[in-house]
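Quick notes on the structure that follows.
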Amino acid sequence: MKDFTYVLPKDAAEAARAAAAPNCALKGAGTDLVDRMKEGVTRPDTVVNLLTATDLRSPIREENGRIVMGGAITLAEVAESELIRKVAPGLADAAAEAATPQIRNRGTVAGNLCQRPRCWYFRNDTYACSKKGGETCYSIEGENKYHAIFENVTCNIVHPSNLAPILQVLGGTLHVVTAKGTDVVPSDIAVKDFWVRPEEDISRENILVAGQVIREVSFPIPRGTTGSSYVETREKASFDWALTSCAAALTLEGGKIASASVVLSSVAPTPLQLEAVEKWLVGKAPSDALFREAGTKATDGATPMRDNAYKITLTAVVVRRALSAAAARATGGGK
Amino acid sequence: MGGHADEGKGSVSRRGFLKSAGVAAAATSLIDDAKKAMEPVGPAPAAAVRGETEIRFKLNGKETVAKVPPSMTLLELLRERLDMTGTKQVCDRGACGACTVHLDGRTVNSCLLLAMDATGRDVTTVEGLAVGDRLHPVQQGFVEEDAMQCGFCTPGMVMSCAALLAKNPAPTRAECAEGISGNICRCGTYLNIFRAMDRASALAKGGK
């Protein structure tokens, strides 16, 4: 690993000012960044350690009808939070399903959202792929078993974050601070507006720019008749990224679906909001048959590559399972 | 610990770092004061370090002082500078669990933890589990149930089991599986590890 200047900010404002430095990387736990630095894929001159910024460690709490938490709250803390388990079990599930106990004990909420993709061509220093400034996406002609089946045009990464789809479904917000000279300005970004498609800017996955830090993350507490869920498929029971994943929130009224939010992940470069499926679900009574059909509809427009057509089947499966779990939680008094 | 300036270039404020890292505040140095006086009006920049930097943390209950560059992992510090080779390096990418240690009682991959991030924290390695000649119940369980073959995953496996037992004195088979889901044994000794955990649970409760 190349040596670097290690910045130890006392709060998000200091971190944001330091993060404006050239060739600078933000580090939460470092479970992704240290890996990339060892591989030589990322070679920062300056690393800003967000773990010393005390306001990023603000506890998980209820505030004005929202659940709020610091960006450096760990996945284990989210998974173990009784408050989150009670109001948004889908988020607790998503955190508990990630990686391994060791990674969850350190990996942070903001870091989980901002981790770089797992594409093996991107992660391998010897491939000058288009995401790293080269001219080719090697997955188009190469090994693409784990790559995108939607929106796979210029760069076929899949979004790796477990928390991204469920926070989007819950209508989450990222509370960001931005350094402007010596001033530090707060602003809010809706999770659904956070993502950048490769066609917009192939070099990044979200809209954060130099000098910006996610200070806190929040979402509105779902209504009592809303159920949320997160379901994923993997090759291995642990220690693995999802092959397909789906987060859902359903609100039931009078035995019918009053509103639906469904987001797919691990199948496209960004989390995918399934607006057509959501519209189709509203007004219908929840049933296995309905959710099975929704699963099939969710795969409309898929463009699989040589090795990843199996993801179409597994997409239908996670949508059906996520909707069933969300409906069960909604009828069970809401969660 | 004095307030001398760091050796590495680009060090902005050692004093600020020590404070933020939760270590006892060092004496104000003339150099820091002089730097401050020269700074333009506006907020002071964050503390920063470069090159070999002194850190303090608790290692197996003992106050430990070490010098590390920011790029050094805790695993490298333990094995290469502190001669604590019980913790193993295998994948070096957080994907096998052989390097598992406890950080404030929770399991972490020491290969992905920058040593500087252990500042002011409590680190326990496999060397810190036994009390004198008395093995930790998990270690005793591993011995009695022959829960190892080549032994390379064992220290990390033992650390995950010990953390699980501290949290859950009588884990079920499923809870044990979840507890060691961040550790890989290529010899496939998992069934013996589950038996070792049953034995450790009984030993910890004072059973025979």
Side-chain angles (χ1 to χ4, degrees), chain A residues 1-21 27-39 44-54 74 76-77 80 96 99-107 123 179 181-184 236-240, chain B residues 8-13 16-22 40-51 53 69-73 76 92-97 99-114 116-117 119 156 159-160 163-164 177-184:
Chain A
M1 203 189 310
K2 182 172 96 84
D3 221 339
F4 52 85
T5 298
Y6 202 32
V7 181
L8 306 150
K10 67 177 189 306
D11 55 25
E14 276 196 8
R17 278 188 221 107
K27 177 193 140 299
T31 51
D32 174 33
L33 179 65
V34 171
D35 181 359
R36 279 185 280 118
M37 287 166 71
K38 285 184 180 182
E39 294 294 339
D45 295 318
T46 302
V47 174
V48 178
N49 181 20
L50 298 174
L51 299 183
T52 55
T54 49
T74 65
E77 287 170 313
E80 291 163 13
T100 64
Q102 289 94 320
I103 298 286
R104 294 195 292 275
N105 282 338
R106 297 204 62 236
R123 291 262 163 183
T182 55
D183 286 346
V184 174
K236 295 188 287 178
S238 83
F239 247 140
D240 212 354
Chain B
K9 57 178 176 175
S11 302
V12 177
S13 162
F17 161 57
L18 290 170
K19 257 183 169 169
S20 69
V41 182
V49 294
R50 193 175 174 88
T53 305
S71 60
M72 177 170 278
T73 63
E76 291 167 329
D92 205 32
R93 297 292 185 278
C96 75
C99 69
T100 301
V101 299
H102 296 177
L103 185 69
D104 294 338
R106 281 182 170 269
T107 56
V108 300
N109 302 113
S110 61
C111 73
L112 292 181
L113 177 74
L114 296 181
M116 288 199 60
D117 290 358
T119 299
M159 295 312 285
S160 283
L164 173 62
E178 168 58 28
I180 60 165
S181 63
N183 297 75
I184 287 176

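In what follows, chains carry the letters A, B, and so on, assigned in the order in which the sequence lines appear, proteins first and then strands, with residues in each chain numbered from 1.
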Item checked: Toward chain B, the part of A/A53 with a non-hydrogen atom under 4.5 Å -> neither

Item checked: Candidate pair B/T53 and A/Y6, rule side-chain contact (heavy atoms from CB on, under 4.5 Å), full reasoning -> CA-CA 10 Å; B/T53 305; A/Y6 202 32; over 6 Å; no

Next item on the list: Find the one option among B/I180, B/N183, B/T73 whose heavy-atom pairs under 4.5 Å with chain A are most numerous.
Entry: B/N183

Checklist line | Under 4.5 Å from a heavy atom of chain B, the part of A/K27 involved | finding: side chain

Next item on the list: To the nearest 0.5 angstrom, please state how far the CE atom of A/M1 sits from the CG atom of B/L114.
Entry: 6.0 Å

Margin query: For the interface with chain B, which of A/I103, A/D11, A/V48, A/L51 has the highest count of heavy-atom pairs at distances below 4.5 Å?
Written below: A/I103

Notebook entry, point to check: Does A/K38 come within less than 4.0 Å of B/E76, counting only side-chain N to carboxylate O?
Noted result: no

Next item on the list: Please look at A/D240 and chain B and tell me whether the side chain, the backbone, both or neither of the residue comes under 4.5 angstrom of a heavy atom of that chain.
Entry: neither

Note to self: side-chain contact (heavy atoms from CB on, under 4.5 Å), that's the test. Do A/Q102 and B/S160 meet it? Break it down for me.
What the structure shows: CA-CA 9 Å; A/Q102 289 94 320; B/S160 283; 3.4 Å; yes

Item checked: Heavy-atom pair of closest approach, residues A/S238 and B/S181 -> OG-O, 2.7 Å

Check: Would a 4.5 Å heavy-atom cut-off, applied to side chains only, mark B/E178 and A/P101 as touching?
Finding: yes

Next item on the list: Just do the side-chain contact (heavy atoms from CB on, under 4.5 Å) check on B/N109 and A/T31 with the steps written out, would you?
Entry: CA-CA 9 Å; B/N109 302 113; A/T31 51; 5.7 Å; no

Check: chain B: which of A/V184, A/N105, A/V34, A/D183 shares the most heavy-atom pairs with it under 4.5 Å?
Finding: A/N105

Item checked: Toward chain A, the part of B/C96 with a non-hydrogen atom under 4.5 Å -> backbone

Next item on the list: Please step through side-chain contact (heavy atoms from CB on, under 4.5 Å) for the pair B/D117 and A/N49, ending with a clear verdict.
Entry: CA-CA 9 Å; B/D117 290 358; A/N49 181 20; 3.3 Å; yes

Note to self: To the nearest 0.5 Å, what is the distance between CD on A/E39 and CG on B/D92?
What the structure shows: 9.5 Å

Next item on the list: Compare every heavy atom of A/E14 with every heavy atom of B/A44, then report the nearest pair and how far apart it is.
Entry: O-OE2, 4.3 Å

Checklist line | When A/V47, A/D3, A/D35, A/T100 are compared by non-hydrogen pairs under 4.5 Å with chain B, the top option | finding: A/D3

Item checked: Value rounded to 0.5 Å, distance of OG1 in B/T107 from CZ in A/R104 -> 9.0 Å

